[in-house]
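A quick write-up on the structure given underneath.
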Amino acid sequence: MGDQKPGQQVPASEDQVCNSAGGYVWPVSDMNRLRRFMVLGTEGGTYYIQSKDLGLENIDCIQKLIDDGLGEEVVKEIVKFSVEGRAAKQNPIMLALVQCARCTDMKTKKAAYDALSKVCRIPTHLFQFIEYSEKFSEGTGWGRAQRRAISRWYNNKKPNDLAYQITKYRKRNGWTHRDVLRLAHVKPENDATSLVLKYIAKGKKALLEEFGKIEEPNDRQKSVMMLLRAVEDAKVSDDQTEIMTLIEEHNLVREHIPTKFLKEKDIWRSLLQQMPMTAMIRNLGKMSSIELLAPLSDEANLVCERLQSDERLKKARIHPFSILLAYKTYKAKKGDKGKLTWEPEQTVLNALDDAFYKSFKFVEPTGKRFLLAVDVSGSMSCSGVNGARNVTAREAAAAMTMVTMRTEKRHHLVAFSNRLVDIPINEKMRMDEVIRICSNIPMGATDCAQPMIYARQKKISVDVFIIYTDCETWAGNIQPAEALRSYRKEMGIDAKLIVVAMTSNGFTLADPKDAGMMDIVGFDAAAPDVIRNFALGLL
């Protein structure tokens with residue numbers, strides 16, 4: 001009895017508060033609201049797959065933290081979430097950093113600008129930061145602190161890396177590097193960076209003139225010149241063989257290649273040789289459309305070898321759901337957007353299928369106790385997921401159920417039938433088996449309060465409840481928030497609830513004041529990480 005954990009009717013620590021159900025819980029702190037905003041794009045408890053426009057006004061939780069003297073801690077949290085890849089989308093991260101950079105607290109402002117290079121790792125991020133700064137500020141947004149921070153962004157990069165990035169990401173959102181250099185008054189701090197900045201400001205001719213004045217160029221200057229020359233040569237070349245040589249010798253990527261060559265099989269053959277795993281998966285349709293991935297071809301074999309490599313899959317850290325999306329899109333013979341079509345190569349499809357199952361072992365377990373409640377209604381098989389149109393809600397639910405079964409030791413699965421019933425599946429089953437079994441269970445109403453009522457009545461210890469449904473989020477006679485609070489109070493467990501409505505465009509069941517409730521509207525490749533971070537208490 002001495003080591004028994006207190007029930008929720010007894011505060012476990014001084015910082016707990018009594019809620020409306022008479023239980024003691026941890027409130028949603030301003031720092032947790034910041035974390036939610038960075039991941040979800042809102043201070044509340046709903047993650048929207050389809051991006052909503054972020055209002056360019058002060059985020060309340062950030063301003064409160066700055067006013068409380070915690071601005072530097074806010075910046076540290078922004079850097080942590082950005083560097084560790086915890087945010088599903090980059091926009092909220094940038095908006096949070098801009099608010100810190102444009103605030104009146106000098107320590108927070110300095111910390112934000114010092115963090116600029118860590119958060120804005122590629123030019124796309126930098127341009128986004130600048131755009132938000134312009135809109136956020138009453139003036140132009142180009143004060144001394146901002147000019148210095150942007151100068152450091154260019155000068156702190158290795159010259160060759162800088163040359164690579166400014167040629168790969170030339171412009172975004174109406175901004176170019178030439179615009180930025182002019183407004184930030186960037187001055188080079190080393191001889192090789194000077195060549196890159198000259199190229200940005202004046203172009204190829206001025207660069208060659210500048211380089212010609214150097215009597216004995218050093219290795220850094222030579223390396224930068226070789227890359228910039230290769231990019232410029234590719235830009236004006238009409239010779240496919242020359243382009244292929246430039247790709248192979250200087251590791252040029254798709255963005256460096258003139259559009260007129262991006263329909264040529266030999267060009268993509270050269271690009272494929274050093275293409276990272278994520279880019280390769282993203283371009284499978286394109287490579288098949290030009291018949292590069294033909295039956296028995298060396299290129300199809302290379303793609304299959306990479307997809308079946310444990311080492312490459314682990315290094316790429318691709319979630320099984322992302323591979324499922326790639327498989328379904330490739331099999332569909334067309335993407336969600338655009339007019340590109342292709343005929344999939346069967347061996348590549350088979351390799352993607354193998355990669356889906358291989359990738360489960362690289363998902364890190366949370367160690368939490370999960371109860372998954374799955375909607376088995378017929379509509380789950382009818383429409384595409386909001387955020388992944390080539391995947392049905394049933395397929396997405398089956399995939400995420402399999403992830404939990406194969407990575408978490410403690411899990412319990414139920415389906416919404418005439419009552420909650422166990423789903424007779426195990427971690428060794430393949431997805432088609434899981435889908436077939438779920439399809440054969442008689443459907444019932446998706447009452448989102450039932451999993452907590454069920455677990456409370458059965459005395460099942462649960463850390464995280466997850467409900468997977470299409471767009472039916474009926475709450476029944478008891479609100480899910482109340483059912484969750486009752487469960488917490490009776491079981492003495494600070495349990496969390498996630499409701500995933502995969503074909504919905506908008507609903508709200510989560511109490512925004514409750515740190516343990518979250519809604520997910522739609523479902524995409526970023527959603528599994530959102531679920532994981534929420535389960536671990538990082539949001």
Side-chain angles (χ1 to χ4, degrees), residues 30-31 34-35 37-38 54-84 87 90-159 161-162 165-166 169 171-190 193-194 196-198 200-201:
D30 287 326
M31 192 61 78
L34 166 66
R35 294 174 184 129
F37 176 80
M38 289 192 290
L54 295 175
L56 291 174
E57 63 272 348
N58 281 329
I59 303 147
D60 289 342
C61 62
I62 294 179
Q63 194 57 53
K64 288 178 182 177
L65 288 164
I66 292 172
D67 292 343
D68 289 342
L70 296 172
E72 291 172 287
E73 294 303 313
V74 170
V75 174
K76 287 180 182 177
E77 203 70 6
I78 291 171
V79 172
K80 182 178 181 180
F81 270 60
S82 176
V83 171
E84 294 181 3
Q90 195 69 18
N91 297 32
I93 289 272
M94 289 302 157
L95 192 54
L97 186 64
V98 166
Q99 182 170 338
C100 291
R102 307 304 296 172
C103 75
T104 56
D105 181 74
M106 298 311 294
K107 289 184 178 179
T108 303
K109 179 189 289 284
K110 182 180 184 303
Y113 279 123
D114 286 347
L116 181 68
S117 294
K118 296 177 182 176
V119 177
C120 301
R121 292 178 293 281
I122 60 175
T124 302
H125 301 159
L126 179 66
F127 292 147
Q128 192 175 38
F129 177 88
I130 292 170
E131 182 182 11
Y132 280 168
S133 293
E134 291 271 295
K135 292 179 178 178
F136 204 95
S137 306
E138 294 181 0
T140 63
W142 290 90
R144 185 181 301 174
Q146 178 149 315
R147 291 198 301 269
R148 286 177 176 172
I150 290 173
S151 291
R152 287 196 299 271
W153 189 93
Y154 286 93
N155 279 298
N156 288 351
K157 292 187 181 301
K158 293 179 181 179
D161 291 343
L162 179 63
Q165 288 201 14
I166 62 100
Y169 309 96
K171 59 183 179 180
R172 291 290 190 278
N173 301 326
W175 288 92
T176 68
H177 291 284
R178 184 175 297 176
D179 296 331
V180 177
L181 295 193
R182 176 174 53 84
L183 291 168
H185 306 159
V186 180
K187 305 296 181 185
E189 295 179 3
N190 68 67
T193 298
S194 177
V196 180
L197 299 189
K198 177 67 72 173
I200 293 171

What verdict does the side chain to side chain contact (heavy atoms under 4.5 Å, CB included) test give for Lys157 and Ser117, after you've listed the backbone C-alpha separation in whole Å, the side-chain angles of each residue and the deciding distance to 0.1 Å?
CA-CA 9 Å; Lys157 292 187 181 301; Ser117 294; over 6 Å; no
Flag yes if more than 12 heavy atoms outside Arg172 fall under 6.0 Å of its CZ atom; otherwise flag no.
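It does: Arg172 CZ has more than 12 such atoms within range.
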[X] [atom1] to [Y] [atom2] distance, which is reported to the nearest 0.5 Å:
X      : Y      : atom1 : atom2 : result
Gln63  : Asp67  : CD    : CG    : 4.5 Å
Lys171 : His177 : NZ    : NE2   : 11.5 Å
Phe129 : Leu95  : CZ    : CG    : 10.5 Å
Asp60  : Asp30  : CG    : CG    : 9.0 Å
Ser82  : Glu77  : OG    : CD    : 12.0 Å
His185 : Ile150 : NE2   : CD1   : 11.0 Å

What is the minimum heavy-atom distance between [X] and [Y], and which atoms define it?
X      : Y      : answer
Pro188 : Ser194 : CB-CA, 3.5 Å
Ala201 : Arg178 : O-NE, 3.4 Å
Val79  : Ala115 : CG2-CB, 3.5 Å
Ile78  : Cys100 : CD1-SG, 4.0 Å
Ala112 : Leu97  : O-CD1, 3.7 Å

I'd like to know if Lys64 and Asp68 make a salt bridge, using a cut-off of under 4.0 Å between side-chain N and carboxylate O.
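No salt bridge links Lys64 with Asp68.
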Chi angles and distances behind the side chain to side chain contact (heavy atoms under 4.5 Å, CB included) call for Arg152, Glu189
CA-CA 9 Å; Arg152 287 196 299 271; Glu189 295 179 3; 5.5 Å; no
Sub-4.5 Å side-chain heavy-atom contact between [X] and [Y]:
X      : Y      : answer
Phe81  : Arg35  : yes
Val83  : Arg121 : yes
Leu116 : His125 : no

From CA spacing to verdict: side chain to side chain contact (heavy atoms under 4.5 Å, CB included), Asn155, Leu162
CA-CA 9 Å; Asn155 279 298; Leu162 179 63; over 6 Å; no
Please walk me through it: do Val119 and Met94 pass side chain to side chain contact (heavy atoms under 4.5 Å, CB included)?
CA-CA 8 Å; Val119 177; Met94 289 302 157; 3.7 Å; yes
Which side-chain N or O atoms in residues 69-76 pair as donor and acceptor under 3.5 Å with protein atoms at least two apart or in another chain?
none

Working for side chain to side chain donor-acceptor pair (under 3.5 Å), residues Asn173 and Gln128
CA-CA 7 Å; Asn173 301 326; Gln128 192 175 38; over 6 Å; no
For Pro123, the option from Tyr154, Trp175, Trp153 that meets side-chain contact (heavy atoms from CB on, under 4.5 Å)
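It is Trp153, the one option of Tyr154, Trp175, Trp153 that forms the side-chain contact (heavy atoms from CB on, under 4.5 Å) with Pro123.
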Is there a donor-acceptor pair closer than 3.5 Å between any side-chain N or O of Arg147 and the backbone N or O of Trp142?
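Yes, because the side chain of Arg147 sits within donor-acceptor range (under 3.5 Å) of the backbone of Trp142.
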